A.B. asks: 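Starting off with a structure, shown below.
Fair warning: this is a prediction, and the values are worked out from it, not measured in the lab. Letters A, B, ... are given to chains in the order of the sequence lines, protein chains preceding strands, and every chain is numbered from 1. These numbers come from the heavy atoms of this one structure, side chains and all, not from hydrogens, waters or symmetry mates.
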Amino acid sequence: MPRVEIPSPFHLSPGQLRRLRRRLLAWFAANGRDMPWRRSRRPYPILVSEIMLQQTQVERVEPKWRAFLKAFPSLNRLAQAPRRDVIVLWDGLGYNLRAVRLHLLAQRISRERHGRLPRTLEELRALPGVGPYTASALACFAFGVDTPVVDTNIERVLRRLFAADPSDPDAPITKRRGATLAAALLPAGRSRDWNLALMDLGAQVCAPRQPRCGACPLAAWCTARAAFAAPRRQAGSQPRSPSTPGGPRRLSRRPAVRFENSNRYYRGRIVKLLRSLAPHESVPLSQLGRRIKADFTVADRAWLGKELRKMAREGLLEVRRKNGRSHVAMPS
DNA sequence: AACCCGGGGCT
DNA sequence: AGCCCAGGGTT
């Protein structure tokens, strides 16, 4: 019976591919990281972990994840909670919009689906705060769907393993290329362990800076290994020209002023201030500026107003009238 | 594709 | 003082 051969995106023979999979899964069984959300089989705790893990390190998420689930034990309970409480529990995680979107997601799923998350990629992808990565991660880790998952760790592993130019193992690859490689490697029926294994390999062995190729179970198949074994000097890592100890250095060494003039910094300050308020308290707009910016002047009013409107639109805060004056508060 | 969005830890 | 991190949304 004739079969259509799907062209392999890489150089491995079927036998090599089989051995590669077996080696990594064995490595994972012995070296995989133990994280609390990996012990759960409930979609909701896994959802919370995936949202928290967006651009936030594992170690920092762990305690926050526990506290969040203690406060909001189920998706329906999260949906019922005041927005304010959700933002308060998000303290220390950053990217506060994630908290808002998770709350919106919970409210939608609670109202429209009786608190049951969908399990297809398309439906998951349509939820607020769920992009391509999180949709596939949820499908795989929460529902056992055979789908590739490509985060930054896995992309790095794939990039190096199948580098087109062995002398440039960290040359960027396209999303499409990453998805193609990940799909071709995926062992049907073991997607969960496989994707977690690739992640852990990227985090613990195939590290961004100094990959430990000597400890890598995939080194035998890896295109990048030679390049890392004989490290050539990177473009940006040349030792800086020696500074003569009296030569024209800096004019004055500033006390490392974190020039966080960015909107980002002040948005964080605003949310932090609102978190510190009692549940029904609010801050007069007339005071807000100088409470988040030491050198706030009238010239900053337009800027602040614009940021506040944006944040109100995003659901991070509310601007209300109180005694005829504008006050800023947590969303109700 | 580029930009915005926090915060902490690492080198 | 940059770089990095289980990305998503907007333009």
A.B. asks: To the nearest Å, how far apart are A:K306 NZ and B:dC4 P?
C.D. replies: 11 Å

A.B. asks: Does any residue of residues 119-140 of chain A have a heavy atom under 4.0 Å from DNA chain B, and if so, which ones, in number order?
C.D. replies: none

A.B. asks: Start at the 5' end of DNA chain C and walk down; is the nucleotide closest to A:R101 or to A:D200 reached first?
C.D. replies: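 Closer to the 5' end of DNA chain C: A:D200.
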
A.B. asks: Among residues at least two apart in sequence or on other chains, which ones pass ring-ring contact (aromatic ring centres under 6.0 Å, His included) with A:W65?
C.D. replies: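 A:W65 satisfies ring-ring contact (aromatic ring centres under 6.0 Å, His included) with A:W37 once adjacent residues are dropped.
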
A.B. asks: For C:dA6 versus B:dC10, give the span between their P atoms, rounded off to a whole number of Å.
C.D. replies: 14 Å

A.B. asks: Kindly check if the number of other-residue, nucleotide or ligand heavy atoms within 6.0 Å of CZ (A:R18) is above 12?
C.D. replies: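 It does not: A:R18 CZ has 12 such atoms or fewer within range.
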
A.B. asks: So does A:R33 have more than 12 non-hydrogen atoms from other groups sitting under 6.0 Å from CZ?
C.D. replies: yes

A.B. asks: Nearest whole Å is fine: how far is C:dG9 C1' from A:K310 NZ?
C.D. replies: 12 Å

A.B. asks: Go through the structure and list residues passing side chain to side chain contact (heavy atoms under 4.5 Å, CB included) with A:T223, not counting sequence neighbours.
C.D. replies: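 Partners of A:T223 by the side chain to side chain contact (heavy atoms under 4.5 Å, CB included) criterion, ordered by chain and then number, come out as A:H11, A:A163, A:P166.
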
A.B. asks: For nucleotides 7-11 of chain B, which of its nitrogen or oxygen atoms have a protein nitrogen or oxygen under 3.5 Å away, and what is each distance?
C.D. replies:
| from | atom 1 | to | atom 2 | distance (Å) |
| --- | --- | --- | --- | --- |
| B:dG7 | N2 | A:Q57 | OE1 | 3.1 |
| B:dG7 | N2 | A:Q57 | NE2 | 3.4 |
| B:dG7 | N2 | A:R60 | NH2 | 3.0 |
| B:dG7 | N3 | A:R60 | NH2 | 3.3 |
| B:dG8 | N2 | A:Q57 | NE2 | 2.6 |

A.B. asks: Between B:dC3 and C:dC3, how far is it from one P atom to the other, in whole Å?
C.D. replies: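 Those two atoms are separated by 16 Å.
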
A.B. asks: How far, in whole Å, is C:dG8 from B:dG9 if one measures between their C1' atoms?
C.D. replies: 23 Å

A.B. asks: Tell me the interatomic distance from A:Q204, atom CD, to C:dC5, atom P, rounded to whole angstroms.
C.D. replies: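 Taking atom P of C:dC5 as the reference, CD of A:Q204 is at 14 Å.
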
A.B. asks: Under the salt bridge (charged side-chain N to carboxylate O under 4.0 Å, His left out) definition, can you give me all pairs with a residue in residues 150-162 of chain A, not counting sequence neighbours?
C.D. replies: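 Those involving residues 150-162 of chain A are A:E155-A:R159, A:E155-A:K175, A:R159-A:D170, A:R160-A:D170.
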
A.B. asks: Should the heavy atoms of other residues, nucleotides or ligands under 6.0 Å from CZ of A:R301 be counted, would the total exceed 12?
C.D. replies: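 No - once you tally the heavy atoms of other residues, nucleotides and ligands closer than 6.0 Å, there are 12 at most.
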
A.B. asks: Does some side-chain heavy atom of A:W194 sit less than 4.5 Å from a side-chain heavy atom of A:L25?
C.D. replies: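 A:L25 vs A:W194: side chains touch.
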
A.B. asks: Tell me whether A:V88 shares a hydrophobic cluster with A:Y95, the cluster being built from Ile, Leu, Val, Met, Phe, Trp, Tyr side chains joined at under 4.5 Å.
C.D. replies: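 No, because A:V88 and A:Y95 fall into different hydrophobic clusters, even though each may have its own neighbours under 4.5 Å.
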
A.B. asks: Does anything in residues 78-101 of chain A pair up under salt bridge (charged side-chain N to carboxylate O under 4.0 Å, His left out), and if so which pairs, sequence neighbours excluded?
C.D. replies: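 Sorted pair list: A:D91-A:R275.
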
A.B. asks: I'd like to check the side chain to side chain contact (heavy atoms under 4.5 Å, CB included) partners of A:A99; sequence neighbours left out, ordered by chain and number.
C.D. replies: A:V86, A:W90

A.B. asks: Measuring only between side-chain heavy atoms, which start at C-beta, is A:Q80 closer than 4.5 Å to A:R77?
C.D. replies: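 In short, these two side chains do not touch, never coming nearer than 4.5 Å.
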
A.B. asks: Would you measure the distance from the C1' atom in B:dG8 across to the matching atom in C:dG9 and give it in whole Å?
C.D. replies: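 Each nucleotide's C1' atom is 23 Å from the other's.
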
A.B. asks: Which nucleotide, C:dC4, B:dG6, C:dA6, lies nearest any side-chain atom of A:R98?
C.D. replies: B:dG6

A.B. asks: List in numerical order all residues of residues 142-156 of chain A for which some heavy atom is under 4.0 Å away from an atom belonging to DNA chain B.
C.D. replies: none

A.B. asks: In whole Å, I'd like the distance from the CD atom of A:E62 to the C1' atom of C:dA6.
C.D. replies: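 Value for this atom pair: 13 Å.
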
A.B. asks: Cut-off 3.5 Å, no hydrogens considered: what does the side-chain donor-acceptor table look like for residues 183-191 of chain A, sequence neighbours left out?
C.D. replies:
| from | atom 1 | to | atom 2 | distance (Å) |
| --- | --- | --- | --- | --- |
| A:R190 | NH2 | A:D193 | OD2 | 3.0 |
| A:S191 | OG | A:D146 | OD1 | 2.1 |

A.B. asks: Report the residues that fulfil ring-ring contact (aromatic ring centres under 6.0 Å, His included) with A:F72, sequence neighbours left out, ordered by chain and then residue number.
C.D. replies: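 Once residues adjacent in sequence are excluded, the partners of A:F72 under the ring-ring contact (aromatic ring centres under 6.0 Å, His included) criterion are A:F68.
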
A.B. asks: Pull out every residue in residues 35-54 of chain A that has a heavy atom closer than 4.0 Å to any atom of DNA chain B, ordered by number, or say none.
C.D. replies: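 Here the set is empty: none.
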
A.B. asks: Determine all donor-acceptor pairs shorter than 3.5 Å in which one atom belongs to a side chain in residues 325-332 of chain A; sequence neighbours excluded.
C.D. replies:
| from | atom 1 | to | atom 2 | distance (Å) |
| --- | --- | --- | --- | --- |
| A:H327 | ND1 | A:S282 | OG | 3.1 |
| A:S332 | OG | A:E318 | OE2 | 3.2 |

